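The next block holds one structure in the form of structure tokens; read it before the comments.
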Amino acid sequence: MCDDDDVIDAANDHGIARRALFVTGAATALTWGSVSFTAAAGRGPGTRETRTVRGTLPTGSPDFVYVPVEVPPGVREFRVAYTYDRPSVPAGTPGNALDIGLFDQRGTELGGKGFRGWSGGARTEFFVRADEATPGYVPGPVREGTWHIALGPYTVAPQGMAYELTVTLTYGEAAEASRPVYPPERAAGRGRAWYRGDCHLHSWYSDGRRTPAEIGALARAAGLDFINTSEHNTHAGHAHWADVAGDDLLVMLGEEVTTRNGHVVALGTDPGTFVDWRYRARDNRFGRFARRIRQAGGLVVPAHPHATCIGCNWKFGFGEADAVEVWNGPYTADDEVSLADWDAMLVAGVRSGSGSWIPAMGNSDAHRDPDVVGLPQTVVLADDLTREAIQDGIRAGRSYVAESSALSLSFTATGGRGEHAGIGGRLRTGPDTPVTIRLEITGAPRCTVRFVTDQGVLFTSGPLPVSGTGVVEWRTTPSYAAYVRAEVRHEATGPLPGALAAFTNPVFLEATG
């Protein structure tokens with residue numbers, strides 16, 4: 001076997017200094033030079049050819065920089081390794097962070113027809129070939145044409161970012177591709193019942209450190225009935241969950257669409273669905289990809305809308321949302337802000353008289369130890385344990401969020417003539433008719449219960465007993481409270497309310513007559 005190596009400097013005039021800008025909405029993407037390989041004629045199976053590209057990205061670089069690679073015929077494997085410098089920066093200034101992905105000869109056009117994988121900053125190298133690929137990348141033939149390595153300068157230090165790419169092509173006949181097998185859309189279920197799930201999880205198919213099998217075992221141990229895969233910016237893991245699913249665990253497929261203006265969970269899309277992420281709010285393109293999620297049978301769920309990491313704060317508005325992830329992982333201050341923001345949206349919906357509202361949910365966003373799968377979990381009233389039934393329950397708001405399977409609750413509103421409504425429902429009765437709000441709870445020792453309405457918190461209970469079991473009731477009228485939702489909170493350690501142990505979607509009280 002012979003190897004052919006070459007080094008190219010992206011900043012000089014040695015063949016790839018040609019640079020061109022093309023516009024992708026309000027932001028720009030940069031095509032940086034070209035990497036060429038010789039024709040494969042005469043090269044024996046297993047022969048490798050390598051090119052190394054060096055360059056520097058300045059501060060203020062476009063969101064994505066594409067490095068074209070001219071691939072000749074006869075290539076069996078495409079492999080990339082990369083490094084970049086991490087100089088010291090002043091306190092409070094982001095350092096260098098460079099993401100990476102790949103598009104094949106079908107191009108880089110928005111929509112992802114040529115998408116072959118994304119690992120963000122989780123890996124320093126990857127490969128693709130017909131029968132296999134690095135986790136996060138899509139197996140398939142390495143066909144002749146112009147491929148593109150996609151660089152995403154997430155943050156760039158004031159000194160700029162010097163990077164090096166090493167591209168290696170291996171020649172030979174492609175191996176036979178295997179047919180993907182996906183998890184079923186139905187588990188055994190219990191008919192109409194409350195089902196527990198965690199819809200925001202990461203495995204080693206993006207930046208997680210757990211295998212699908214490990215996540216499945218943790219989900220079962222957490223008492224979950226369903227999960228949803230949500231790798232950052234890739235669907236490549238979809239075909240690796242079939243063995244995890246079973247009669248006792250429904251595995252839905254999705255993606256965490258990770259843009260520079262916030263993240264959205266595509267929840268329960270068709271197998272093999274890819275949703276592009278290369279746009280900002282100012283590009284006015286999110287609606288197109290929200291429709292893409294729905295056309296693929298999924299739900300649009302903005303994730304951790306007030307998270308403090310760079311690019312994580314949700315900037316697209318909630319007009320396209322089917323639900324919103326209010327609680328993400330262990331309960332923290334940004335979750336409290338998300339909860340308050342969601343409650344303000346409920347009030348705005350009441351004020352508009354439209355009757356529309358966005359249900360809330362909670363997920364773990366677990367990546368690795370010690371992240372807890374199922375902290376928190378969304379508990380959904382569904383007709384069966386199927387993708388469609390679970391999605392219907394989430395979309396309708398027939399759900400509550402709990403910190404673990406040890407906590408269960410029942411929340412109802414009952415009118416004077418026995419009419420009643422549960423979580424996500426509507427109780428229609430006279431404006432001054434007394435309505436009894438009742439919460440039955442188990443698994444919440446020493447927690448307090450708060451009933452929240454469009455006026456704010458109107459009732460706070462005393463601490464529940466050490467057993468964690470209790471019943472709390474409160475009376476109101478539709479003229480006094482347009483909706484009521486319940487919060488179960490741990491004991492407060494200061495002037496602020498304690499962390500959430502559980503919360504419900506609201507019951508709406510509608511005045512008639």
Side-chain angles (χ1 to χ4, degrees), residues 197-200 262-265 267 299-309 312-318 321-351 356-365 372 374-380 394-395 397-404 407 409 411 423-424 437 439 441 444 447-461 472 474 481-508:
D198 188 347
C199 294
H200 188 165
H263 304 181
V264 61
V265 172
L267 196 165
L299 301 183
V300 178
V301 184
H304 46 64
H306 289 279
T308 56
C309 48
C312 297
N313 196 280
W314 185 250
K315 303 292 187 183
F316 293 93
F318 296 93
D322 295 306
V324 57
E325 185 186 76
V326 167
W327 184 353
N328 175 276
Y331 197 76
T332 56
D334 58 286
D335 298 306
E336 189 73 31
V337 175
S338 295
L339 183 69
D341 193 36
W342 169 65
D343 190 75
M345 288 192 285
L346 294 178
V347 174
V350 170
R351 185 176 64 245
S356 63
W357 62 290
I358 302 172
M361 65 184 308
N363 303 298
S364 73
D365 199 2
V372 178
L375 171 60
Q377 52 193 246
T378 300
V379 190
V380 183
I394 293 172
R395 189 187 295 110
R398 298 192 304 267
S399 61
Y400 65 90
V401 179
E403 63 183 358
S404 77
L407 195 154
L409 57 81
F411 185 58
I423 299 171
I437 306 299
L439 179 75
I441 187 165
C447 289
T448 59
V449 174
R450 308 199 315 175
F451 292 145
V452 187
T453 78
D454 53 313
Q455 292 189 66
V457 179
L458 292 183
F459 174 84
T460 302
S461 76
V472 180
W474 175 64
Y483 64 82
V484 185
R485 59 180 184 82
E487 295 179 357
V488 182
R489 290 184 177 262
H490 291 286
E491 293 179 279
T493 57
L496 299 177
L500 277 181
F503 76 94
T504 73
N505 276 299
V507 178
F508 290 90

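Because the structure is a prediction, the values reported are computed rather than measured.
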- Message: For a 4.5 angstrom cut-off between non-hydrogen side-chain atoms, does W327 reach E403?
- Response: yes
- Message: Keeping T378 on the side-chain end and G362 on the backbone end, is there a donor-acceptor pair under 3.5 Å?
- Response: yes
- CZ on F411 to CD1 on I437, rounded to 0.5 Å: 5.5 Å
- Query: Atom CG of D334 and atom CG of N328: how far apart are they, to the nearest 0.5 Å?
  - Reply: 7.5 Å
- Message: I'd like to check P359 versus I394 (side-chain heavy atoms, cut-off strictly below 4.5 Å). Are they in contact?
- Response: no
- Message: Side chains of N505 and Y483: any donor to acceptor distance under 3.5 Å?
- Response: no
- Task: Test side-chain contact (heavy atoms from CB on, under 4.5 Å) on L339 and Y331 and set out the steps.
- Result: CA-CA 11 Å; L339 183 69; Y331 197 76; 3.7 Å; yes
- Side chain to side chain, I423 and R398, heavy atoms closer than 4.5 Å: no
- Short question: side chain of W342, backbone of A344 - any donor-acceptor pair under 3.5 Å? no
- Item | Interatomic spacing from CZ in R489 to SG in C447 - rounded to 0.5 Å | 10.5 Å
- Is R485 salt-bridged to D343, going by a charged N under 4.0 Å from an acidic O? yes
- Message: In the structure I gave you, are the side-chain heavy atoms of L458 and F451 within less than 4.5 Å of one another anywhere?
- Response: no
- For residues V401 and Q377, determine if any side-chain heavy atom of one lies less than 4.5 Å from a side-chain heavy atom of the other. no
- Item | Atom pair OG (S461) and CZ (R450), whose distance is rounded to the nearest 0.5 Å | 10.5 Å
- Is the shortest heavy-atom distance from the side chain of P305 to the side chain of V324 under 4.5 Å? yes
- Query: Shortest non-hydrogen contact from V326 to S338?
  - Reply: O-CB, 3.5 Å
- Query: Taking all atoms of both residues into account, what is the closest heavy-atom pair of V472 and V449, and its distance?
  - Reply: CG2-CG2, 4.0 Å
- Give, for atom CD of E336 and atom CG of D341, the distance between the pair rounded to the nearest 0.5 Å. 12.0 Å
- Which atoms form the tightest heavy-atom contact between W357 and P506, and what is the distance? CZ3-CD, 3.5 Å
- So which of E325, H200, H304 actually passes side chain to side chain donor-acceptor pair (under 3.5 Å) with N363? E325
- Task: Please confirm whether the backbone N or O of A482 pairs with a side-chain atom of D454, one donor and one acceptor, at under 3.5 Å?
- Result: yes
- What closest approach, in Å, do M361 and A323 show between heavy atoms, and which atom pair accounts for it? SD-CB, 4.4 Å
- Scanning both residues in full, the closest heavy-atom pair of T453 with A481 reads CG2-CB, 3.8 Å
- Item | Distance, nearest 0.5 Å, that separates CG of L299 from CG of D322 | 5.0 Å
- Query: Do the non-hydrogen side-chain atoms of L439 and L409 ever get within less than 4.5 Å of each other?
  - Reply: yes
- Query: If you take all heavy atoms of V265 and A303, which pair is closest and at what distance?
  - Reply: CG2-CB, 4.1 Å
- Which of parallel (below 30°), tilted (30 to 60°) and perpendicular (above 60°) describes F316 and W314? tilted
- Message: Is it true that T332 and D335 share a donor-acceptor pair across their side chains at a distance under 3.5 Å?
- Response: yes
- Validation row: W474, V484 side chains within 4.5 angstrom (heavy atoms): yes
